[in-house]
Amino acid sequence: MAPGLRRVLDDVVDEARRLVVDEYRSVRENLGMMPQGKRTAALQSIYAIPYGDREAARRAVARMSAEGFVRRHGGRLLSDIEITGELQASGPCDSQWSERGFTLTLVDDRTLEWVVDKDSWARRRADGTALAAAAIEFLGAVQWTPGTGGVITGNDECNSDNNGPCPDYVTRRFGPVGENA
C-alpha cells in the first residue's frame with residue numbers, strides 16, 4: 001500500500017505547490033508596480049474559503065499562501081526560483097502530508113494515521129481537501145484481504161457537549177477489519 005499511497009499524496013502536494021506558484025505570479029503581477037513599502041497593505045486580510053467547492057477552496061488557500069510570502073518578506077517580491085525553493089524547503093517528507101489543518105502520517109507501510117485539528121469546523125475542512133479525497137479514493141480502491149483494512153474515527157464538540165466525554169465514532173470503514181469494527 002505504501003508506495004502507491006505515497007505517490008498519490010505526493011502528487012496532491014505537488015499540485016498544491018503549483019497552485020501557490022500560479023497565485024504568487026498573479027500577486028506579483030498585481031503588486032509589481034507599487035512601491036515595496038505599500039505592497040503588504042494592498043493584500044487581502046480576510047479570505048473566503050468555500051467548503052462546497054474543493055477546487056475553489058484550494059485556489060483560495062493557494063492565494064492566501066502566496067500573499068503570505070509577500071507579507072513575510074516585507075513586500076519584497078520573490079522570483080519564481082525563490083518561491084519554488086521556499087515551497088520545496090517546507091516538505092514533503094516521505095511519510096507526512098498536510099493540508100488546511102489536516103495531516104496524514106504513514107506510520108509504517110501498513111498504518112496511516114489521520115489527524116484533524118480540534119475545532120468545530122475542522123472535520124468539514126479536512127473532508128473538503130484534495131488530500132483527504134485522494135486518500136479516501138486510494139483506500140477505497142485497495143483490494144483488501146482478510147485481516148486488513150481499518151477505520152477512520154472522529155469526535156466533535158457536538159458529540160462531546162451533548163453527551164459528556166465521548167469515545168470516537170467511526171466515520172469511514174475500509175476492508176474486512178473496517179467492516180467488523
Side-chain angles (χ1 to χ4, degrees), residues 4-31 39-73 77-78 80 82-106 112-142 150-160 168-174:
L5 181 59
R6 278 189 178 104
R7 191 170 32 259
V8 165
L9 299 178
D10 282 346
D11 287 350
V12 170
V13 170
D14 288 345
E15 176 59 24
R17 286 180 179 165
R18 280 191 291 277
L19 286 174
V20 171
V21 170
D22 288 349
E23 288 298 319
Y24 191 83
R25 287 177 179 147
S26 173
V27 168
R28 189 174 55 208
E29 185 177 311
N30 292 340
L31 299 178
R39 290 177 183 151
T40 57
L43 298 172
Q44 282 182 250
S45 57
I46 297 174
Y47 299 86
I49 301 175
Y51 287 107
D53 183 342
R54 182 174 291 127
E55 289 310 309
R58 292 195 88 198
R59 184 64 69 180
V61 169
R63 182 65 173 216
M64 185 171 57
S65 297
E67 290 185 359
F69 281 112
V70 176
R71 284 187 181 87
R72 282 193 297 283
H73 289 275
L77 299 176
L78 305 177
D80 282 359
E82 290 173 307
I83 193 71
T84 302
E86 287 206 21
L87 287 168
Q88 288 175 339
S90 65
C93 69
D94 67 345
S95 63
Q96 190 171 65
W97 303 265
S98 297
E99 184 179 359
R100 295 182 64 203
F102 163 61
T103 302
L104 289 173
T105 304
L106 197 54
L112 181 66
E113 184 179 62
W114 182 287
V115 178
V116 178
D117 285 347
K118 293 183 180 187
D119 69 54
S120 59
W121 291 93
R123 180 168 174 251
R124 189 171 183 189
R125 274 194 311 272
D127 282 349
T129 66
L131 193 61
I136 290 167
E137 181 179 339
F138 181 89
L139 294 171
V142 169
V151 296
I152 297 174
T153 60
N155 209 323
D156 55 50
E157 61 190 26
C158 296
N159 186 36
S160 297
D168 291 345
Y169 54 89
V170 175
T171 62
R172 288 198 173 77
R173 300 170 187 273
F174 299 97

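- Between atom CG of residue Leu5 and atom CG of residue Asp10 there is a gap of 9.0 Å, rounded to the nearest 0.5 Å.
- Between Leu78 and Tyr24 the shortest side-chain heavy-atom distance falls below 4.5 Å.
- Across Thr105, Thr129, Thr103, a single residue satisfies side chain to side chain donor-acceptor pair (under 3.5 Å) together with Ser98, and that is Thr103.
- In this structure, Leu106 CG and Leu9 CG are separated by 8.5 Å, a value rounded to the nearest 0.5 Å.
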| query | Given the rule in the side chain to side chain contact (heavy atoms under 4.5 Å, CB included) test, do Glu82 and His73 qualify, once you have shown the distances and angles that lead to the verdict? | reply | CA-CA 11 Å; Glu82 290 173 307; His73 289 275; over 6 Å; no
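- The ring pair (Phe, Tyr, Trp, His ring centres under 6.0 Å) search around Phe174 returns none, not counting sequence neighbours.
- When atom types are taken as modelled, the side chain of Glu67 and the backbone of Leu43 share no donor-acceptor pair closer than 3.5 angstrom.
- Thr40 approaches Val70 most closely through the heavy-atom pair CG2-O, 4.0 Å.
- Going from atom OG of Ser95 over to atom CG of Leu112 covers 10.5 Å, rounded to the nearest 0.5 Å.
- Between Val20 and Ser65, the shortest heavy-atom distance links the atoms CG2-CB, 4.0 Å.
- Going from atom CH2 of Trp114 over to atom OG1 of Thr153 covers 11.0 Å, rounded to the nearest 0.5 Å.
- Asp11 CG to Leu131 CG: the interatomic distance, rounded to the nearest 0.5 Å, is 11.5 Å.
- Here the side chain of Arg28 pairs no donor or acceptor atom with the backbone of Leu77 at under 3.5 angstrom.
- A salt bridge does not link Arg58 with Glu55: every distance from a Lys NZ or Arg NE/NH1/NH2 to an Asp or Glu carboxylate oxygen is 4.0 Å or more.
- Here the closest heavy-atom approach between residue Ala126 and residue Ala132 is recorded as O-CB, 3.1 Å.
- Side-chain contact check for Glu137 versus Val8: every heavy-atom pair is 4.5 Å or farther apart.
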| request: Assess whether side chain to side chain contact (heavy atoms under 4.5 Å, CB included) is satisfied between Glu99 and Val12, documenting all intermediate values. | output: CA-CA 10 Å; Glu99 184 179 359; Val12 170; 4.2 Å; yes
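- Of all heavy-atom pairs spanning Ser26 and Arg63, the tightest one is OG-NH1, 3.1 Å.
- Put simply, the side chain of Val27 does not reach to within 4.5 Å of the side chain of Phe69, judged on heavy atoms.
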| request: Check the pair Arg59, Asp22 against side chain to side chain contact (heavy atoms under 4.5 Å, CB included), reporting the backbone distance first and the verdict last. | output: CA-CA 9 Å; Arg59 184 64 69 180; Asp22 288 349; 3.8 Å; yes
